[in-house]
Student: 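Got a structure for you, written out below as structure tokens; questions coming shortly.
Note: hydrogens, waters and symmetry copies are ignored here, and every other heavy atom, side chains too, is used.
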Amino acid sequence: MFELTEGARQELDAYFADKEKSPVRVYLAPGGCSGPRLALALDAPGDGDQVFDEQGYTFCVDKELLNQTGALKVDLTYMGFVVESANALEGAGGGCSGCASSGGCSSQAQ
């Protein structure tokens, strides 16, 4: 139901090399170059989240969003992190990265 590729794990290892690991949220980011897309942010899990422990990292996803996306895969491309879903989300594009390797993970206020 949740996969972290080797390349993405290595990039997370590099990002957290000099800091304490934080949970990573998968969320639907509004706007962007291709409309809404799945993205990553540093954020603690909440009551409405499904939590996945993958290769030493904690990922959280809102349960309602997870019901829409189905299985998720966090991968790394030349543009940065990409979150792929088993189910197409209406209006969600996939052309932009949510967490570029040059800028690290963004913070999301909830």
Student: Just how far is it from atom CG of Asn87 to atom CG of Leu72, taken to the nearest 0.5 Å?
Tutor: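 Interatomic distance, Asn87 CG to Leu72 CG, rounded to 0.5 Å: 9.5 Å.
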Student: Mind checking salt bridge (Lys or Arg N to Asp or Glu O under 4.0 Å) for Asp13 and listing every partner two or more places apart, or none if nothing turns up?
Tutor: Arg9
Student: Strictly distance-based, threshold 3.5 Å: is any side-chain N or O of Arg25 a donor or acceptor partner for the main-chain N or O of Ala44?
Tutor: yes
Student: Answer with yes or no whether the side chains of Gln10 and Glu6 bring together a donor and an acceptor at under 3.5 Å.
Tutor: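 Present: a donor and an acceptor within the cut-off.
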Student: Which heavy-atom pair separates Lys21 from Phe16 by the least distance, and what is that distance?
Tutor: CA-CD2, 3.6 Å
Student: Rounded to the nearest 0.5 Å, how far apart are OG1 of Thr69 and CE of Met1?
Tutor: 7.0 Å
Student: Going from CZ on Phe81 to CD on Glu11, what distance comes out if it is rounded to the nearest 0.5 angstrom?
Tutor: 5.0 Å
Student: Can you measure from OH (Tyr15) to OH (Tyr57) and round to the nearest 0.5 angstrom?
Tutor: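 Interatomic distance, Tyr15 OH to Tyr57 OH, rounded to 0.5 Å: 11.0 Å.
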Student: So, using side-chain hydrogen bond (donor to acceptor under 3.5 Å, both in side chains) as the criterion, who are the partners of Thr5 when residues are at least two apart?
Tutor: Asp75
Student: Check this for me: Asp47, atom CG, are more than 12 non-hydrogen atoms of other residues, nucleotides or ligands nearer than 6.0 Å?
Tutor: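 Incorrect, the count does not exceed 12.
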Student: Between Leu42 and Val24, is a side chain to side chain contact (heavy atoms under 4.5 Å, CB included) present by the stated rule, with each step listed?
Tutor: CA-CA 5 Å; Leu42 302 179; Val24 179; 4.2 Å; yes
Student: Could you report the tightest heavy-atom contact between Ala41 and Tyr27, atom names first, then the distance?
Tutor: CB-CE2, 3.6 Å
Student: Could you check if a side-chain atom of Leu12 sits within less than 4.5 angstrom of a side-chain atom of Leu4, using non-hydrogen atoms only?
Tutor: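 Yes; the side chains approach each other to less than 4.5 Å.
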Student: Donor-acceptor check, side chain of Asp49 to backbone of Val51, threshold 3.5 angstrom: yes or no?
Tutor: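 Side chain of Asp49 to backbone of Val51: no pair is present.
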Student: Does some side-chain heavy atom of Leu40 sit less than 4.5 Å from a side-chain heavy atom of Val26?
Tutor: yes
Student: Decide yes or no for Leu66 and Phe52: does some side-chain heavy atom of the first lie under 4.5 Å from some side-chain heavy atom of the second?
Tutor: yes
Student: Are any non-hydrogen side-chain atoms of Leu38 and Leu28 less than 4.5 angstrom apart?
Tutor: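 Touching, per the 4.5 Å side-chain cut-off.
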